[in-house]
Structures are given as structure tokens and as C-alpha cells.
Trainee: 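A single structure is presented below for examination.
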Amino acid sequence: MCGGFETNAVHGGYAASEHAHAGVPPIYMSAAFDMESAARGDALSAGTEDGFSYSRVANPTVDVLERRLAALEGGRSAVAVASGMAAVSFALLCAAEGGGRIIAPKTLYGASVDAMASFFPQFGVHTDFVERINDLDEVEALIGPDTRAVFAESVANPSTEVTDVAGLAELAHRYGVPLIIDNTVPTPYLFRPIRWGADVVVHSTTKGISGHGNTLGGVVVDAGRFDWGSPRFPQFTRTEVVVSDDRAGVWHSFASRFGADAYIRRLRIKYVRTFGAVESPFNAYLQLLGLETLPVRIRQQTRSATAIARHLRTLPHVRDVRYAGLALADPEGAAGQDARQAELVRRSFPDGVGGVLSFELDGDRVRIARVLDSVRVFTYIPNIGDSRSLIVDPARITHREVPADFRAAAGVTDNLIRLSIGLEDVEDLIADLDQAIARAYDEQ
Ligand SMILES: Cc1ncc(COP(=O)(O)O)c(C=O)c1O
């Protein structure tokens with residue numbers, strides 16, 4: 001893909017000449033496609049010719065989205081799926097299926113924690129959770145013969161603590177283990193994990209990538225650099241009928257057949273095709289539309305989030321403002337962050353960490369409920385990355401299914417409020433928070 005990030009956000013992955021010269025990528029609402037001739041049908045099914053035959057495997061609208069997201073993340077290829085959780089689940093299981101172990105921090109998104117701590121073990125995939133993912137000694141001590149991936153979020157939600165992707169990648173690669181990064185919170189506009197050494201990137205495209213709170217989606221982007229052909233990953237080196245030509249007696253594994261594309265092909269052919277969590281063409285269309293404005297939205301949201309974080313720090317009753325981007329805003333902004341975290345933000349996130357921030361309030365649950373009930377511009381919605389500003393109490397909502405010690409590690413106390421900053425006037429957002437907090441303390 002040629003051109004800069006903002007050009008690719010509008011044009012990446014799309015050639016109008018291949019789609020009846022339509023200016024905007026069309027929505028191909030077709031379950032299946034005419035294979036035209038017996039010879040072409042045979043070639044499409046054998047995978048010796050690229051093309052579309054059935055939308056559970058690939059669809060032209062979804063294909064444009066996949067190419068655009070791969071370009072924006074600096075990856076080799078991508079597979080779009082029906083939600084962020086489908087992306088997280090498929091990416092991790094594809095690496096660790098058949099008895100593998102994953103290393104991950106306790107601060108992950110709630111549903112990822114629940115999946116990895118209590119559900120994936122039912123499929124024989126276990127997770128070794130670390131207290132601090134940036135403590136490379138703690139991570140290294142857990143790497144063993146069954147470790148198949150290190151998994152982390154580039155920016156944690158709701159703390160916004162940033163991960164040392166370069167350090168983790170170097171460590172994981174020393175042991176022949178891939179690094180998988182959930183890059184949902186910053187979006188590729190602010191951070192591209194592959195550039196810092198990650199092998200696989202996942203997103204909930206429901207968030208900043210769509211940007212309007214109107215669709216669900218997920219994506220797995222593959223850098224195409226990791227060697228899945230090593231003995232650590234038997235699922236990639238054993239022969240499989242689905243990638244072989246058994247009539248001709250030609251047998252392949254995913255590694256021998258696809259080389260640098262082994263991981264993404266396996267994810268599509270085994271996971272998406274089997275479990276069927278396919279992205280719909282209509283949702284892909286909405287995400288393509290959202291991507292066109294990604295840079296301008298994220299710039300404004302990051303600017304507003306910084307202004308709001310600074311303002312909140314001046315308010316009575318506000319105990320602790322968590323926004324890693326403060327390390328960029330002013331020298332004292334890093335108060336409360338350790339020096340290493342502030343240095344990491346400055347080095348890897350020069351344009352900021354995005355529109356999510358959180359803060360604690362004095363008092364009990366009643367005060368929190370009053371703030372939630374008193375906001376007028378913010379909406380009480382459990383989502384992030386919307387053009388509307390959103391507010392939520394993570395302990396009761398997004399992290400409800402997370403065990404107490406995991407909530408504590410993520411800083412999710414009962415007094416925590418999370419904001420996702422949208423595109424409204426920042427003065428209106430600040431005034432709304434001021435009046436809601438004043439009401440909560442009977443000061444208005
Ligand atoms: C960091 C992160 N990863 C994954 C997900 C799951 O995404 P989805 O809701 O699209 O399944 C979320 C959702 O909030 C998230 O915040």
C-alpha cells in the first residue's frame with residue numbers, strides 16, 4: 001500500500017476499477033458467488049486461484065476492510081471477524097490450541113480475562129497471569145516449553161497504562177514465542193505495535209475504528225514475520241486434508257503450504273470457517289466509512305481527553321485521574337505515574353494515548369450513582385471510541401465478571417468512573433462533569 005496513514009485511511013485496499021468504478025466500496029450482500037466454470041470452481045476450492053465463493057470464508061466488502069486495516073497497522077494481511085472478542089479468541093486459540101499456555105497481564109479487558117481464566121481452560125488452553133506486564137523478569141520467569149504466546153493490550157482500559165511492546169517482543173522472540181497485542185484503545189493512528197516488534201495485532205473495531213457506536217467488529221492483523229513452523233506449534237506443522245490434495249497424494253501442513261501466511265490462513269480456514277463469526281458486509285462498510293475520519297476524530301478526542309484530565313485534577317472530590325497522556329501534556333502531568341511509564345509514553349505514544357480516561361471520586365457508591373444519573377451530555381453506555389462521549393462505572397459494568405484480585409490489579413475500584421471522550425465541544429463536556437459532580441455532593 002502506498003501513501004501515508006491518512007491517505008490509506010481513505011483509499012487503502014480499494015481499487016474502484018475492480019468494483020464497477022464505484023467511488024465508495026460497495027456492500028456485497030451475497031452469501032455466495034458464481035464460480036463460473038468447473039475449472040475455476042476447482043481452483044477456488046483448492047486455493048490455487050484467489051477469489052470469492054462463499055461469504056463465510058471471504059467477501060469482497062470485508063476484503064477491502066481487511067486490506068485497509070492491514071495497511072494501516074503495517075501488517076502483511078488481516079482477517080476481519082464479527083466482534084473484538086471473536087478476534088481475541090481466534091488469535092489466542094490459533095496460537096495456543098492443543099495444550100498451550102499464554103502469558104498475559106491481569107489488567108486485560110473483562111471479557112478477555114473471563115475467557116482466559118475460566119473458559120479457554122475448558123479447551124486445554126491455560127493462561128499464566130502476571131501482575132505487571134512491563135516487568136520483563138516476571139514475564140521471563142513464566143516462559144516455559146508450552147508457552148505459545150505473550151498477550152497484552154497496548155493501552156490498558158480503564159487505567160490507560162501503556163505496555164512496553166518493544167521490550168516484550170524482544171523477550172518473547174528470544175524464546176521463539178510470538179507477541180500478540182490488542183491495540184483497540186489507541187487505534188493504529190496513535191500506535192502501531194508491528195513497528196515495535198509485535199507479531200499479531202487484534203482490535204475490537206467496534207470502538208475507535210468504527211467510531212460511531214453503530215456496529216460490532218474485530219480484526220486480526222498478521223505481521224507475517226513469525227516462524228510458526230517450529231516444533232513449539234504442532235498445529236502448523238501437521239498435515240491437514242483442508243490444505244492438501246489427497247486425491248493426488250500431495251500432503252501439506254499450514255506451514256509448508258503457506259509459509260509467511262500460515263497463521264492468517266489457518267485463522268481464516270479453521271477458525272472463521274468453523275466457528276463462523278464472520279464480519280457482515282454491511283458492518284464492514286460502516287467500518288470503512290468510520291476509518292476515513294479516524295485521524296481527525298482521534299486527534300480531537302485526544303486533545304479533549306487531555307483537557308478534561310487536566311481539569312479533573314483541579315476539582316475537589318476527585319481523588320485520582322488516570323490518563324497516561326498527561327505525561328505529554330505538562331511536566332507535572334506525570335504525577336502518580338512512575339518515571340518509566342512516563343518515559344514509555346513519551347517514547348512510544350508521541351501523539352497521545354487516545355480518548356479514554358478514568359478517575360476516582362471520594363465517598364461511596366451512592367456518589368458514583370449520582371454522577372451517572374446527573375450527566376446530560378455524556379451518555380451512560382458501556383462502550384468506548386464513539387463520537388458521543390460516554391461514561392460508565394467499570395466495577396459494576398465492564399469488569400463485573402472479573403475476579404476481585406484482577407479488578408484490584410487493574411485499579412478498578414468501586415469509586416472509579418471511566419470516560420470515553422467523543423466529538424462534542426470540550427467546554428460542554430467539562431461543564432457537564434462539573435455540574436454532575438457538584439450534584440453528587442449536594443453542591444448544586
Ligand atoms: C480492549 C478491548 N478488547 C476487546 C474488546 C471486545 O470487543 P467487542 O465488544 O467488539 O467484542 C473490548 C470491548 O470493550 C475492548 O475494550
Side-chain angles (χ1 to χ4, degrees), residues 107 109-110 155-161 185 207 213 300-326 329-330 332-337 352-404 406-444:
T107 54
Y109 169 63
V155 175
N157 164 13
S159 74
T160 76
E161 205 166 288
V185 172
K207 319 295 181 193
Q300 180 172 328
Q301 289 169 343
T302 303
R303 208 169 38 238
S304 296
T306 305
I308 289 167
R310 281 169 126 172
H311 177 74
L312 284 169
R313 287 172 68 203
T314 68
L315 294 186
H317 312 300
V318 173
R319 268 212 302 255
D320 189 12
V321 178
R322 297 182 200 150
Y323 186 57
L326 283 174
D330 49 309
E332 310 103 74
Q337 288 179 335
V353 299
V356 172
L357 69 141
S358 57
F359 60 98
E360 276 192 333
L361 280 177
D362 285 334
D364 57 17
R365 159 86 193 142
V366 176
R367 306 283 183 190
I368 304 298
R370 280 204 209 161
V371 172
L372 298 172
D373 292 344
S374 302
V375 288
R376 294 174 187 143
V377 183
F378 281 84
T379 316
Y380 183 39
I381 280 183
N383 197 10
I384 58 172
D386 198 329
S387 51
R388 276 148 286 271
S389 288
L390 312 177
I391 187 167
V392 81
D393 46 343
R396 301 277 168 149
I397 308 292
T398 57
H399 285 62
R400 201 178 183 98
E401 70 269 55
V402 173
F406 283 63
R407 284 205 304 275
V412 175
T413 61
D414 287 350
N415 283 16
L416 191 74
I417 288 182
R418 183 189 75 191
L419 305 177
S420 171
I421 304 305
L423 297 173
E424 304 91 338
D425 291 293
V426 68
E427 297 78 15
D428 293 339
L429 295 173
I430 286 175
D432 193 35
L433 290 170
D434 283 352
Q435 66 81 24
I437 292 171
R439 269 172 197 266
Y441 291 89
D442 300 316
E443 289 165 358
Q444 199 180 63

Trainee: Start with the C-alpha distance between Val412 and His399, add both sets of side-chain angles, then the distance that settles side-chain contact (heavy atoms from CB on, under 4.5 Å), and finish with yes or no.
Mentor: CA-CA 8 Å; Val412 175; His399 285 62; 3.8 Å; yes
Trainee: Of the options His311, Arg313, His317, which is the one that meets Leu315 in a side-chain contact (heavy atoms from CB on, under 4.5 Å)?
Mentor: His311
Trainee: Do Ile417 and Ile368 have side chains that approach each other closer than 4.5 Å (heavy atoms only, starting at C-beta)?
Mentor: yes
Trainee: Minimum heavy-atom separation for Ser420 and Gly385, please, with both atom names.
Mentor: OG-N, 3.0 Å
Trainee: Of the non-hydrogen atoms in Tyr323 and Gly354, which two are nearest, and what is the gap between them?
Mentor: OH-O, 2.6 Å
Trainee: Step by step, work out the side-chain contact (heavy atoms from CB on, under 4.5 Å) result for Leu326 and Arg310.
Mentor: CA-CA 8 Å; Leu326 283 174; Arg310 281 169 126 172; 3.8 Å; yes
Trainee: Run the numbers on Glu360 and Arg322 for salt bridge (charged side-chain N to carboxylate O under 4.0 Å, His left out), then give the verdict.
Mentor: CA-CA 9 Å; Glu360 276 192 333; Arg322 297 182 200 150; 3.5 Å; yes
Trainee: Any sub-3.5 Å donor-acceptor pair from Asp425's side-chain atoms to Glu427's backbone N or O?
Mentor: no
Trainee: Between Arg418 and Val356, is any pair of side-chain heavy atoms under 4.5 Å apart?
Mentor: yes
Trainee: Find out whether Ile381 and Val392 are in side-chain contact, i.e. whether some heavy atom of one side chain is under 4.5 Å from a heavy atom of the other.
Mentor: no
Trainee: Where the side chain of Arg407 meets the backbone of Val402, is there a donor-acceptor pair that is under 3.5 Å apart?
Mentor: yes
Trainee: Begin from the C-alpha positions of Arg376 and Asp432 and carry the test salt bridge (charged side-chain N to carboxylate O under 4.0 Å, His left out) through to its verdict.
Mentor: CA-CA 6 Å; Arg376 294 174 187 143; Asp432 193 35; 5.7 Å; no
Trainee: If only atom types and distance count, is the side chain of Glu424 paired as donor or acceptor with the main-chain N or O of Ser389 below 3.5 Å?
Mentor: yes
Trainee: If you compare all heavy atoms of Thr413 against all heavy atoms of Ala395, which two are closest, and at what distance to 0.1 Å?
Mentor: O-CB, 3.6 Å
Trainee: Nearest 0.5 Å please: distance from the OG1 atom of Thr306 over to the CD atom of Gln301.
Mentor: 11.5 Å
Trainee: Counting only N and O atoms by type, is there a donor-acceptor contact under 3.5 Å from the side chain of Thr160 to the main-chain atoms of Ala324?
Mentor: yes
Trainee: Would you indicate whether the side-chain heavy atoms of Tyr441 and Asp362 approach each other to under 4.5 Å?
Mentor: yes
Trainee: Would the distance check show the side chain of Asn415 and the main-chain N or O of Leu361 forming a donor-acceptor pair, the cut-off being under 3.5 Å?
Mentor: yes
Trainee: Do Val353 and Val185 have side chains that get closer than 4.5 Å, going by heavy atoms?
Mentor: no
Trainee: After noting the C-alpha distance and the side-chain angles of Leu390 and Tyr380, does the key distance pass the side-chain contact (heavy atoms from CB on, under 4.5 Å) rule?
Mentor: CA-CA 6 Å; Leu390 312 177; Tyr380 183 39; over 6 Å; no
Trainee: Could you state the interatomic distance from CD1 (Ile421) to OG (Ser387), rounded to the nearest 0.5 Å?
Mentor: 12.5 Å
Trainee: Closest approach of Ile391 and Phe378, non-hydrogen atoms and distance?
Mentor: CG2-CB, 4.0 Å
Trainee: Any ion pair linking Asp442 and Arg370 (charged N to carboxylate O, less than 4.0 Å)?
Mentor: yes
Trainee: Hey, is the main chain of Pro158 close enough, under 3.5 Å, to the side chain of Ser358 for a donor-acceptor pair?
Mentor: yes
Trainee: Going by heavy atoms in the side chains, are Leu312 and Leu419 under 4.5 Å from each other?
Mentor: yes
Trainee: Of the non-hydrogen atoms in Asn383 and Gly213, which two are nearest, and what is the gap between them?
Mentor: ND2-CA, 4.1 Å
Trainee: Check whether any side-chain heavy atom of Asp320 lies under 4.5 Å from a side-chain heavy atom of Phe359, and answer yes or no.
Mentor: no
Trainee: Do Asp386 side-chain atoms and Arg388 backbone N/O form a donor-acceptor pair below 3.5 Å?
Mentor: yes
Trainee: With a 4.5 Å limit on heavy-atom distance, are the side chains of Thr107 and Phe406 in contact?
Mentor: no
Trainee: As a quick check of understanding, evaluate side-chain contact (heavy atoms from CB on, under 4.5 Å) for Val426 and Gln300, giving each step before the final call.
Mentor: CA-CA 9 Å; Val426 68; Gln300 180 172 328; over 6 Å; no
